[in-house]
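Atom set for the values below is all heavy atoms of this structure, side chains included, hydrogens, waters and symmetry mates excluded. This structure is a prediction, so every number in the text was calculated from the model and none was measured.
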Amino acid sequence: MFRLFSSNMAFFTHQIQRSFSSSVVRNVVIKNVTIIGGGQMGAGIAQVAASTGHSVTLVDMTDDILKKAMKGIQGSLRRVVKKKFSDDPESGDDFIQKVMQNVSTTTNPAAAVTTSDLVVEAIVENMKIKQDLFGFLDKMAPEHTIFASNTSSLPISDMASATSRPDRCGGLHFFNPVPMMKLVEVVATSSTSPETSESLLNFTKALGKTPVCCKDTPGFIVNRLLVPYMMEALRLHERGHGSKEDIDIAMKLGAGYPMGPFELSDYVGLDTIKFITDGWREKEPDNPLFAPSDLLNKLVAEGKLGKKSLEGFYKYSK
């Protein structure tokens, strides 16, 4: 009888805990944000979140990286202040100070996530590294914490599979430069709960961004359309149907694009484009949209990666 009573009590307690857990997740409001990765994207997300009153912890491997990130955030904020507080520099200084007070840094990710409502990873585009990170942090973060990735091309569901909370995993794909670009793609996997999606949408709106909802498909919305467009421009040029210059001019003046596809490719980085298309081709080898380009492969092999290496399809000066 005691064993049966204990078993029933355990089941009843488990049901209460599950109900309470669901309630916590459903009603979570994102206030404390941990961002893993102090590079350009991670620092940009940290700046925007801190500017809108969120408490932000920025995490990276060394203090030097974090110091550089904080210096970059300060510099970016000064540019914002020049426009927003041009008539009141004193208020601008107060704004910068207030925002910077909302950001702390650490090289200890395990400690950083213990009070987080949201963890956003913005690290190297390597699935194994991302899975290892999420699997490790999953054991440290509170039950209600949502995990999100800023990946532009890798499947969110594969990252979520490394955790015990696939229903609380999603994508937050910000665009570069984060403080300037209004769009955020909010990505839901087949396991992402409606409550998690709603929390991510509300968080994005609180940042002053415009969210769009999309499924966990290769490239989501923007890159799924943009990368094949750049690749088709490349193939058009490879077939001898137009010069780089003429194709760029045609798309700028004929379609109203601010940059032509070759200029845009150099801006994005030819290695990044190759990485994305190579990854997609592994999953869909027969899809002609993801066919390789000999010219792209050649330029990447030669280290001509675009603006960041001062040469890609075009040459650049420092």
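Looking at Glu143 and Arg165, their side chains never come closer than 4.5 Å, going by heavy atoms from C-beta outward. Looking only at side-chain heavy atoms (C-beta outward), Val300 and Lys304 stay at 4.5 Å or farther from each other. Side-chain contact between Leu299 and Glu311 is absent, with no heavy-atom pair separated by less than 4.5 Å. Side-chain atoms of Ile156 and Phe147, non-hydrogen and from C-beta on, never get closer than 4.5 Å to each other. Considering only heavy atoms from C-beta on, Phe275 stays 4.5 Å or farther from Asn126 through its side chain. Looking at Leu66 and Thr107, their side chains come closer than 4.5 Å, going by heavy atoms from C-beta outward. Using a 4.5 Å heavy-atom threshold, the side chains of Met159 and Cys169 count as separate. Annotation: side chain of Leu172 is in contact with side chain of Thr204 (closest heavy-atom distance under 4.5 Å).
Hydrophobic clustering keeps Leu137 apart from Met61 (ILVMFWY residues linked when any side-chain heavy atoms are closer than 4.5 Å, directly or through intermediates). Following chains of ILVMFWY side-chain contacts shorter than 4.5 Å, one cannot reach Met127 starting from Met41, and the two form parts of different hydrophobic clusters. No single ILVMFWY cluster, assembled from side-chain heavy atoms under 4.5 Å apart, contains both Leu118 and Val187. Note: the hydrophobic cluster containing Ile247 also contains Leu289 (ILVMFWY, side chain heavy atoms under 4.5 Å, direct or indirect links). Residues Leu270 and Phe290 share a single hydrophobic cluster, defined by chaining ILVMFWY side chains whose heavy atoms lie under 4.5 Å apart.
Taken to the nearest 0.5 Å, the OG atom of Ser293 stands 11.0 Å off from the NZ atom of Lys298. One finds the CG atom of Leu200 at 12.0 Å from the NZ atom of Lys205 (value rounded to the nearest 0.5 Å). Atoms NZ and OG, on Lys84 and Ser91 in that order, are 13.0 Å from each other to the nearest 0.5 Å. For the atom pair CZ of Phe134 and OG of Ser149, the computed distance is 5.5 Å after rounding to the nearest 0.5 Å.
A salt bridge links Lys130 and Glu125; the closest N-O separation between the charged side-chain nitrogens and carboxylate oxygens is under 4.0 Å. Electrostatic pairing of Lys252 and Glu263 counts as a salt bridge here, judged by a charged N lying under 4.0 Å from a carboxylate O. In this structure, Asp248 does not pair ionically with Lys244, as no charged nitrogen and carboxylate oxygen lie closer than 4.0 Å. For Asp278 and Arg281, the salt-bridge test passes: some basic side-chain N is under 4.0 Å from an acidic carboxylate O. Between Arg235 and Glu238 no salt bridge is recorded (no basic side-chain N to carboxylate O distance below 4.0 Å).
Remark: the backbone N or O of Gly135 is paired with a side-chain donor or acceptor of Lys139 at under 3.5 angstrom. Remark: side-chain polar atoms of Ser116 are not paired, donor with acceptor, to backbone N or O of Val33 under 3.5 angstrom. Between the side chain of Lys98 and the backbone N or O of Asp93, no donor-acceptor pair lies under 3.5 Å. A donor-acceptor pair under 3.5 Å links the side-chain atoms of Asn223 to the main chain of Ser152, judged by distance alone. No donor-acceptor pair under 3.5 Å is formed between the side chain of Asp167 and the backbone N or O of Ser191. Looking at Thr57, its side chain never comes within 3.5 Å of a backbone N or O of Ser104 through a donor-acceptor pair. The main-chain N or O of Ala141 is never found under 3.5 Å from a side-chain atom of Thr145 such that the two would form a donor-acceptor pair. Formation of a donor-acceptor pair under 3.5 Å by the Arg224 side chain with backbone atoms of Thr217 is not found in this model. Between the Asn150 side chain and the Ala122 main chain, no donor and acceptor come within less than 3.5 Å of each other. Looking only at distances, a side-chain donor or acceptor of Gln131 sits under 3.5 Å from a matching main-chain atom of Asp158.
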Practice problem: Begin with the C-alpha distance, continue with both residues' side-chain angles, and end with the deciding distance and a verdict on side-chain hydrogen bond (donor to acceptor under 3.5 Å, both in side chains) for Ser55 and Asn102. | Solution: CA-CA 5 Å; Ser55 176; Asn102 288 337; over 6 Å; no

Quiz item: Could you go step by step and tell me if Lys215 and Glu185 meet the salt bridge (charged side-chain N to carboxylate O under 4.0 Å, His left out) rule?
Solution: CA-CA 10 Å; Lys215 297 296 183 183; Glu185 291 178 318; over 6 Å; no

Practice problem: Give the C-alpha distance, both sets of side-chain angles, the deciding distance and a yes or no for side chain to side chain contact (heavy atoms under 4.5 Å, CB included) between Leu207 and Phe174. | Solution: CA-CA 11 Å; Leu207 299 183; Phe174 291 82; 3.8 Å; yes

Quiz item: Does the side chain to side chain contact (heavy atoms under 4.5 Å, CB included) test come out yes or no for Lys209 and Val48, once each step is laid out?
Solution: CA-CA 9 Å; Lys209 302 297 186 184; Val48 170; 4.0 Å; yes

Quiz item: So Asp132 and Lys128, salt bridge (charged side-chain N to carboxylate O under 4.0 Å, His left out) or not? Walk me through it.
Solution: CA-CA 6 Å; Asp132 288 348; Lys128 177 69 166 59; 2.8 Å; yes

Quiz prompt | From CA spacing to verdict: side chain to side chain contact (heavy atoms under 4.5 Å, CB included), Thr210, Val184 | solution = CA-CA 6 Å; Thr210 301; Val184 178; over 6 Å; no

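Side-chain atoms of Asn32 and Thr115 include no donor-acceptor pair closer than 3.5 Å. A donor-acceptor pair shorter than 3.5 Å can be found between the side chains of Asp216 and Ser157. No hydrogens or angles considered: a donor-acceptor pair under 3.5 Å links the side chains of Thr192 and Thr189.
Screening Tyr314, Tyr257, Phe313 against Phe262 for a ring pair (Phe, Tyr, Trp, His ring centres under 6.0 Å) leaves a single residue, Phe313. Applying side-chain contact (heavy atoms from CB on, under 4.5 Å) to Leu58 and the options Ile35, Thr106, Ile36 leaves one that passes, Ile35. Of the listed residues (Ile273, Leu226, Thr272, Leu234), just one forms a side-chain contact (heavy atoms from CB on, under 4.5 Å) with Ser265, and that residue is Ile273.
Across every non-hydrogen atom of Asp117 and Lys31, the tightest pair is OD2-N, 2.9 Å. The two residues Ala69 and Gly38 have their closest heavy-atom pair at CB-O, 3.3 Å. Considering every non-hydrogen atom in both Pro218 and Glu284, the closest pair reads CG-OE2, 4.1 Å. Of all heavy-atom pairs between Gly44 and Pro179, the closest is CA-CD, 4.3 Å. Closest non-hydrogen pair, Val178 versus Ile45, comes out as CG1-N, 3.8 Å. Heavy atoms only, all atoms of each residue included: Pro292 and Asn297 are closest at CB-ND2, 4.2 Å.
Around atom CG of Asn108, more than 12 heavy atoms belonging to other residues, nucleotides or ligands sit under 6.0 Å away. For Lys308, the NZ atom is densely surrounded, since the number of other residues' heavy atoms within 6.0 Å is greater than 12. Annotation: Met180, atom CE; neighbour count of heavy atoms from other residues, nucleotides and ligands within 6.0 Å does not exceed 12.
In this structure, His54 has its ring center under 6.0 Å from that of Phe203.
Judged as a side chain to side chain donor-acceptor pair (under 3.5 Å), and not counting sequence neighbours, the contacts of Asp266 are Tyr316.
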